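Every value quoted in this text rests on a predicted model; they were computed, and no experiment measured them. Just so it is clear: chains get the letters A, B, ... in the order the sequence lines come, proteins before strands, and each one is counted from 1.
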Amino acid sequence: MNKQKDLSQPLGAIVTFLVPALTIYVAFTAYPVVRTIYNSFHEVLPGHPNEFLGLQNYVTLYNDKYFWGSVKNTLTWALTAPFFEQFFAILLALALYARIPGARFFRIVWFTPVLMSFVVVGIIWMWIFNYDWGALNVILRAIGLENLAMSWLGDPSIALPALILVTTWMWTGFNMVVLLAALHSLPSEVLEASELDNCNWPKKLWFVIIPMIRPTILNLIVLSFVGKMKIFDLVWIMTKGGPLWSTETVSTYVYKRAFEWNSFDLGYPCSIASVWFVIVLAGVLLLTFIFRQRDKLEY
Amino acid sequence: MASFSRSWKHVLLIFVLTIYTAYTAGPLFWVALMSLRTTTEIAHNPYALPETLHLWKFSEAWVNSNYSVYFANSVKVVLSAVAIITLVGGMAAHCFARYRFPLRKVLYFTIFSTIIFPPQITIIALFQILVEYGLYNSLVGLMLSYVAFQLPITVYILESFFARIPADLYDAARMDGYSEWQIFWKVSMPVALPALSTTIILNTILLWNEFLYAVVLITDESKRTLPLGIQKFMGDQLEDIGMISTGLMIAIIPVVIIYVFFSERLIQGMTAGAIK
Amino acid sequence: MKTTIRLMKTLLLAVMAMAFTGSPGKAETVLTLWSHWADHESKRSFVEGAARAFESANPGVKIEVTWYEKQALYAALKTALRAGQAPDIFYAEPNQVEYLENKLLYDLSDAISWDKVEGWAKDSWSYKGGVYGLPLEAWTVEMYYNKKALADLGVTLPANKQLGQTEFVDLVKASAAKGLTPIALGVGDRPYPGAFLTHEALIQTLGIEDYDKLLKGQLDWGDDRVRKALEFVKTLVDAQALPSSFSTLKLGESHFYFHTKPGALMFLMGSFYPSRAFNPPDKGGQPEGFELGVMMFPALDGAACPNCKSITVGGSYVVNAASKNAELAAKFLNSFATPEMANEWLDVALVQTGIKADPSKIQGPNAAYFKELSEIDGMCTFYDALPMGVMTGEANEVFTQVVNQAFPAGLLSVDEVIEKMNATRK
């Protein structure tokens, strides 16, 4: 693959292309991040000089059961939601690719959930999940399934899946649009739109189409994975981590430790952020590795 | 016989798609209906159709609740941020994808890795920096923070796309005597239109709805952006469902337009099929 | 003679002031104030009014108020404090001990006329010999009820407005059997309403002193009196006293749930209830003709203190210790500490204040309500904090998740609550 790349090294151009991005990056992103890592080894209180603690925050973190609970919830989210999103997104993209009647309309409509902010999505879904008059229970009762009507966000074993449903609802459309673009970029002989009626298409999908758009899928999965590993707003609006910590994510826990636990100490939340940073990075590298590995096997 | 099973299948397909459409668009449709009803009406029946169209709510939000100001601020901040991200991110991505130079991998990896840090934590240091630069409580400061916030992910998406552009295109451009800048501007960027559309859509949506930075980095009422405007109706006094919906519709219409416009470009660019 | 000298002095001062400041209005001192209550119009205009009055009494001073919603305020404020960029004055509540522990607040001991402030309200802002906040808003936990609905159930309250434990449980059961939610409560957006039932019961069974010990982690949650209170709450929960939508019901919605739709018999709520409910119906207020009553929390069997309950100071203003104009800012806060201001607050904000007021002077449509409320509160002994104002860190987090949410939602048994709460005492 790498052979394709230009091996030229026009130094002037490289500098010109990189400097603007690097300047902004160093000034507004790198410094706060470095500061966070530095803080994680200290006790950081306003009006005091920082006190060096060595690894003490990390030892505390190792024994922090709330942290590990939040890790479990976040990983559950990040390891399921991206795949749900891809699965539905690819089916929808194929439907649009096959030019179903009204494809343009559907393309816009299916995309709408992602246009709303997490805050608004959170509010709307709290209404939908409301026990008394929420749409979900109203529909269940209307079709005679009132036994299934429940307090969706009030049950510790249902709340997390309910939130995962919301993120899937929200992001499937976005993934669909990107996948559709990728499908259109394939040479037309690979995928005749009319062939999608053929009974064999699931096989073709799996063995021909998916391998060809794998780079796009990888990008989307990484994007979604990172998004879920950082998820904050939706949980904060809808459950604040409850009931009984069943929806606590790492980000909400960090926020609680930084802003809510009646403490100004920034050191400990920074150490959570730093550890999480390493874990997410490892996850991304692993995902990339797995996908690239298969690339190599096939070529 | 064949056509019978085929049409049967089509009916099933249409049925499934209709249900899915209701599921995705239902909530927004519901909000659209509520944006025309008052909170009292909604409270008595959340799912009714509007009896009278309370269009005054839009002017109420626009004029009395300062939405015109928020809207203008959001437009300024988001449009300039997205333009800068696209250009600066595109340049960096082009550089990472098409040139070899020392520390290339290290730099790329470093930039990419920071997309992971939770903004809830780094915002404290960012705040201090903005104060030092004299950019706290200014739209420029907010805009630059947004650029920095979305830059890594933009570089990541674009780099992987640029790297897949066939080298022949570049060789041909060099033969024609293009400068490095022209190569970037006339080869990489046009060819990468689909990927650019993706990042433009993604960045616009995320920044248009961004809340944490907007609330922490801005204190003047006259500099606040739209997400804070919606927050206004979500106070603890009374959750004004009707006005939240109205505010939401005002916020969402421009994003829909941007999406419709760019997604057309995205599909067209792809269908042109210059690249694999 | 004396007046002449005084006049001359004033003139001289004025000239000096002119000389130093150039023209008035040019080099004015600006006091910044960040406050919650963005959507509480009455409180906003009350504070803005005080600011304008202070400005005209002190030429050259300008007070700039920025209004936030509470969550947004805390995020902005805590970031700004950490960066040393906080405003001169800001909104705080006494449970935010982190401000005090980190010496971020200016000591108001000598700046406020404390004789105009209620003792318990001053106490709640006292810390290590200083006093740090002006207790503008204060509230109690009250059992509101729908008079008509209670009459429909054929129940009349005794003269002291307090039912016994068995009567109360029977009332809850009767109401539930009729399909009327007995007590409207929800924890969709707040960390405290779900715990009202439990902590009001605990104050009664333990009495003020031991309740304080319990909150401070000095008393075992396995104590018999604690268990008794928890079992009382569990009985109510099992009798379906609370709405099925308890977990997602927000504070504002729970008001509407009680007085309008679907309606509930009782509503255990902070006494800030009228600040929402006394608005016109299309602003989320009670429907026309709604008859609101206030009763005492039921007397538990064998309670150590059947007339004990919680009072807490809510929204207060504090002065930033790092402010260059701290003295002036404190002077502004002192302008709130008058009986006239206190009465105006009661009248517009419709919730108690930590500043001494005279509710009997209140006229108008809400007079009857304030009379009923002050009658009830006259019979009570108060514990002047909510659990979240005493507990911090992990204990607070566990209390919120367990006692505020999971226990009243019926997810936990009494033993599990005891075990989880005891685990935080180390």
Side-chain angles (χ1 to χ4, degrees), chain A residues 4-10 13-14 17-18 20-21 24-25 28-33 35-36 95 100 106-117 119-120 123-124 128 133 169 173 177-178 180-181 184-185 187 215 219 226 229-230 232-233 251 254-255 258 266 269-270 273 277 280-281, chain B residues 17 21 24-25 27-28 31 46 88-89 91-92 94-95 98-101 111 113-118 120-122 124-126 129 144-145 147-148 151-152 155 157 160 163-164 166-167 170 180 184 194 198 205 209 211 227 230 244 248 252 255-256 259-260 263 266-267 270-271 273 275-276:
Chain A
Q4 278 194 348
K5 290 195 179 147
D6 320 326
L7 293 173
S8 53
Q9 299 191 21
I14 292 174
F17 282 128
L18 273 187
I24 295 176
Y25 177 77
F28 293 95
T29 307
Y31 175 67
V33 166
R35 183 80 173 250
T36 303
I100 52 161
F106 285 127
R107 176 155 54 75
I108 291 166
V109 167
W110 293 342
F111 190 78
T112 50
V114 81
L115 297 176
M116 291 178 260
S117 66
V119 177
V120 172
I123 294 176
I124 294 177
I128 293 174
W133 53 270
W169 170 83
V177 164
V178 177
L180 180 63
H184 277 295
S185 77
N219 266 349
V226 172
M229 291 294 259
K230 285 165 73 171
F232 173 79
D233 310 53
S251 289
V254 166
Y255 188 85
L266 254 191
C270 284
F277 165 73
V280 181
L281 201 55
Chain B
L17 291 181
T21 306
T24 47
L28 185 64
V31 173
V88 169
M91 283 159 64
H94 171 77
C95 192
R98 308 305 313 188
Y99 303 124
R100 322 260 94 197
F101 51 91
I111 291 187
S113 67
T114 43
I115 66 177
I116 289 148
F117 258 87
Q120 293 84 22
I121 292 297
T122 49
I124 293 164
L126 181 66
I129 295 164
L144 287 174
S145 308
V147 172
L151 194 62
V155 172
I157 295 175
S160 66
R164 284 186 285 133
Y170 291 93
E180 296 301 321
F184 163 68
T198 307
I205 292 170
N209 292 324
F211 180 73
I230 294 172
I244 295 174
L248 178 65
I252 218 169
V255 201
V256 174
Y259 165 68
V260 170
S263 77
L266 188 138
I267 303 296
M270 279 296 188
T271 323
I275 34 93
K276 293 176 186 172

Taking [options] one by one, which has the highest count of heavy-atom pairs under 4.5 Å against chain A?
options                : answer
B:C95, B:A125, B:A92   : B:C95
B:P27, B:A25, B:P227   : B:P27
B:V147, B:L248, B:V31  : B:L248
B:V255, B:L151, B:L28  : B:L28
B:T114, B:L144, B:L126 : B:T114

At a 4.5 Å cut-off on heavy atoms, which part of [X] comes close to chain A: side chain, backbone, both, or neither?
X      : answer
B:I157 : both
B:I111 : both
B:V155 : neither
B:I129 : side chain

Given heavy-atom pairs under 4.5 angstrom as the criterion, report whether the side chain, backbone, both or neither of [X] touches chain B.
X      : answer
A:V120 : side chain
A:M229 : neither
A:A273 : both
A:V109 : both
A:F106 : side chain

Taking all atoms of both residues into account, what is the closest heavy-atom pair of A:G173 and A:F111, and its distance?
->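 Reported closest heavy-atom pair: O-CD1, 3.5 Å.
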
Which atoms form the tightest heavy-atom contact between A:P20 and B:M91, and what is the distance?
->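 Taking every non-hydrogen atom into account, CG-CE, 3.7 Å.
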
Donor-acceptor under 3.5 Å (B:N209 side chain, A:L115 main chain) =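 Yes: the side chain of B:N209 pairs with the backbone of A:L115.
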
Between B:L17 and A:I100, is any pair of side-chain heavy atoms under 4.5 Å apart?
->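 Yes; the side chains approach each other to less than 4.5 Å.
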
side-chain hydrogen bond (donor to acceptor under 3.5 Å, both in side chains) between A:W110 and B:T21, intermediate numbers included | CA-CA 6 Å; A:W110 293 342; B:T21 306; 3.0 Å; yes

Which residues satisfy the ring-ring contact (aromatic ring centres under 6.0 Å, His included) test with A:F232, sequence neighbours excluded?
->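 With sequence neighbours excluded, A:F232 shows a ring-ring contact (aromatic ring centres under 6.0 Å, His included) to A:W236, A:Y255, given in chain and number order.
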
In terms of heavy-atom pairs under 4.5 Å, which option from A:V33, A:T112, A:I124 contacts chain B the most?
->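 Highest number of pairs under 4.5 Å: A:V33.
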
Specify which of A:T29, A:L18, A:I24 makes the most heavy-atom pairs with chain B at under 4.5 Å.
->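 Option with the top pair count is A:L18.
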
Under the side chain to side chain donor-acceptor pair (under 3.5 Å) rule, collect the residues that match up with A:N219, sequence neighbours excluded.
->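 Side chain to side chain donor-acceptor pair (under 3.5 Å) list for A:N219, sorted by chain: B:Y156, B:S160.
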
